[in-house]
Number of protein chains: 2
Amino acid sequence: MTKMPDNDTFVFEQPCPIRDVLDRIGDQWSLLIMETLAPGTLRFNALMREIGDISKQMLSRTLKQLEQDGFITRTLYPEVPLRVEYALTDLGHSFLEPMQQLITWAETHHRTIVIARERYQST
Amino acid sequence: MTKMPDNDTFVFEQPCPIRDVLDRIGDQWSLLIMETLAPGTLRFNALMREIGDISKQMLSRTLKQLEQDGFITRTLYPEVPLRVEYALTDLGHSFLEPMQQLITWAETHHRTIVIARERYQST
DNA sequence: CAGTATCCGCATCGATACTG
DNA sequence: CAGTATCGATGCGGATACTG
C-alpha cells in the first residue's frame with residue numbers, strides 16, 4: 001500500500017486502514033454475518049440456519065474475528081443447554097451505513113458489469 | 001448468499017451482485033489500481049512505479065479483470081516502443097464514489113478497531 | 001515497453017470428528 | 001448447544017524467465 005519506511009520495528013503495525021478494513025469485508029462471510037445480525041441478536045445455530053451455507057468452522061472463526069475487531073458482541077448465558085448470543089455493536093452498525101451505499105451501487109450496476117463481461121468474451 | 005433455487009441450469013449465473021462486486025474490490029489490488037488511475041490516464045510501467053510493490057503478473061491480471069468488467073479502458077498505441085494507456089471509465093469513476101464513503105469510515109474508525117484488537121489480546 | 005507462461009508456497013476454506 | 005481440532009483441497013499471489 002503506502003510505501004513503508006524502512007523500519008522493521010513496526011512490522012505488526014497496520015499501515016493502511018483501508019486494507020485492514022477491506023480484508024475483513026472482503027472475506028467470504030463477515031459482511032453477510034453482519035447483515036444477518038443487523039435486525040437483532042441471534043444465537044450461534046440461528047445464525048447458521050439464517051445464512052444456510054456456512055460451516056460451523058467458518059462461522060466460528062469469522063465471529064471471533066468480528067468480535068475481536070469490535071464489530072459484534074458475544075454474550076454467554078451459562079444455562080443448560082448453553083446459550084450464546086451475538087449482536088452488532090455501535091461500531092458494527094455504523095459500518096453498515098457506508099456499506100449500504102456500496103451495496104446499492106452494486107445492485108444498480110451489476111447488470112452493466114455482467115454485460116461488459118459477456119461483451120469482452122465475444123471479442 | 002441468497003438461497004439458490006435447485007436449478008443447475010444457471011450455475012454460471014451470478015446470483016449475488018454484492019458478492020460479485022466484493023470479490024473484485026476485495027482482492028489485493030483492484031481498488032488500489034482504480035484509486036491510482038483516478039487522477040488520470042497512466043501507462044503500464046507508470047502504474048507499476050506508482051503502486052510500488054505490485055508484480056507485473058498481478059498488475060497484468062488485475063488490469064485485465066477490471067477491463068473485462070468495464071471499470072477501466074485499455075488503449076494500445078502501436079508505436080515503437082509500444083505504448084498502452086489505462087484509464088477509468090465512467091463506471092469506474094462512479095464506483096469510487098460509494099467506495100470513498102467506506103474509505104472515510106475506515107480512516108475514521110481504524111484506531112478504534114486496532115485498540116479493540118489489542119484489548120482482546122490481553123483478555 | 002508491455003506483457004505472458006510457468007512454477008510454487010502459503011493462506012483460506014470446507015468437512016468432519018470430537019469436546020465441554 | 002456451541003463450539004474446537006485436525007486434515008486436506010483449492011486457489012490466490014509472488015518470482016522470474018521468456019516473448020512480441
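Below, chains carry the letters A, B, ... as their sequence lines are ordered, and counting in each starts from 1. For clarity, every value in this text was computed on a predicted model and none was experimentally measured.
Listed nucleotides D/dA2, C/dG14, D/dG14 differ in distance to A/Trp29; the shortest reach to its side chain belongs to C/dG14. The side chain of A/Asp27 approaches C/dC13 more closely than any other nucleotide in the set D/dT4, D/dA2, C/dC13. Considering only the side chain of B/Ser60, C/dG3 comes nearest among D/dG3, D/dG20, C/dG3.
Heavy atoms of A/Arg61 sit under 4.0 angstrom from at least one base atom. Note on B/Tyr77: nothing from the nucleic acid sits closer than 4.0 angstrom, heavy atoms only. Using a 4.0 Å heavy-atom distance criterion, A/Arg83 is classed as a sugar-phosphate-only contact.
When rounded to the nearest whole Å, the span between CG of A/Asn45 and P of D/dT4 equals 13 Å. In this structure, A/Leu47 places its CG atom 14 Å from P of D/dC1, rounding to the nearest Å. Computed from coordinates, the B/Ile72 CD1 to C/dA2 C1' distance equals 14 Å when rounded to whole Å. Computed from coordinates, the B/Asp23 CG to D/dC12 C1' distance equals 12 Å when rounded to whole Å. Note: CE (B/Met58) to P (C/dC10) measures 18 Å, nearest angstrom. A straight line from NZ of B/Lys56 to P of C/dT4 spans 10 Å, rounded to a whole angstrom. Rounded to whole angstrom, the span from the CG atom of A/Leu63 across to the P atom of D/dA2 amounts to 11 Å. Atom CD1 of A/Ile54 is separated from atom C1' of C/dT12 by 13 Å (rounded to the nearest Å).
Applying the 4.0 Å criterion to OP1 and OP2 of D/dC1, one finds that A/Tyr86 has every side-chain N and O outside that range. OP1 and OP2 of D/dC1 both lie 4.0 Å or more from every side-chain N or O belonging to A/Arg43.
At least one side-chain heavy atom of A/Val21 sits less than 4.5 Å from a side-chain heavy atom of B/Ile113. Counting heavy atoms from C-beta outward, B/Ile103 and B/Glu35 have side chains that approach closer than 4.5 Å. Between A/Arg24 and A/Gln65 there is a side-chain heavy-atom pair separated by less than 4.5 Å. Side-chain contact between A/Gln28 and A/Met58 is absent, with no heavy atoms from C-beta onward closer than 4.5 Å. Put simply, the side chain of B/Thr36 does not reach to within 4.5 Å of the side chain of B/Ile33, judged on heavy atoms. Considering only heavy atoms from C-beta on, B/Tyr86 comes within 4.5 Å of B/Leu63 through its side chain.
Side-chain atoms of B/Gln57 and base atoms of C/dT6 include a donor and an acceptor less than 3.5 Å apart.
Formation of a donor-acceptor pair under 3.5 Å by the A/His109 side chain with backbone atoms of A/Trp105 is found in this model.
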Show me the dot-bracket string of DNA chain C, counting Watson-Crick or G-U pairs under 3.5 Å, with | for pairs to another strand and [ ] for crossing ones. ||||||||||||||||||||
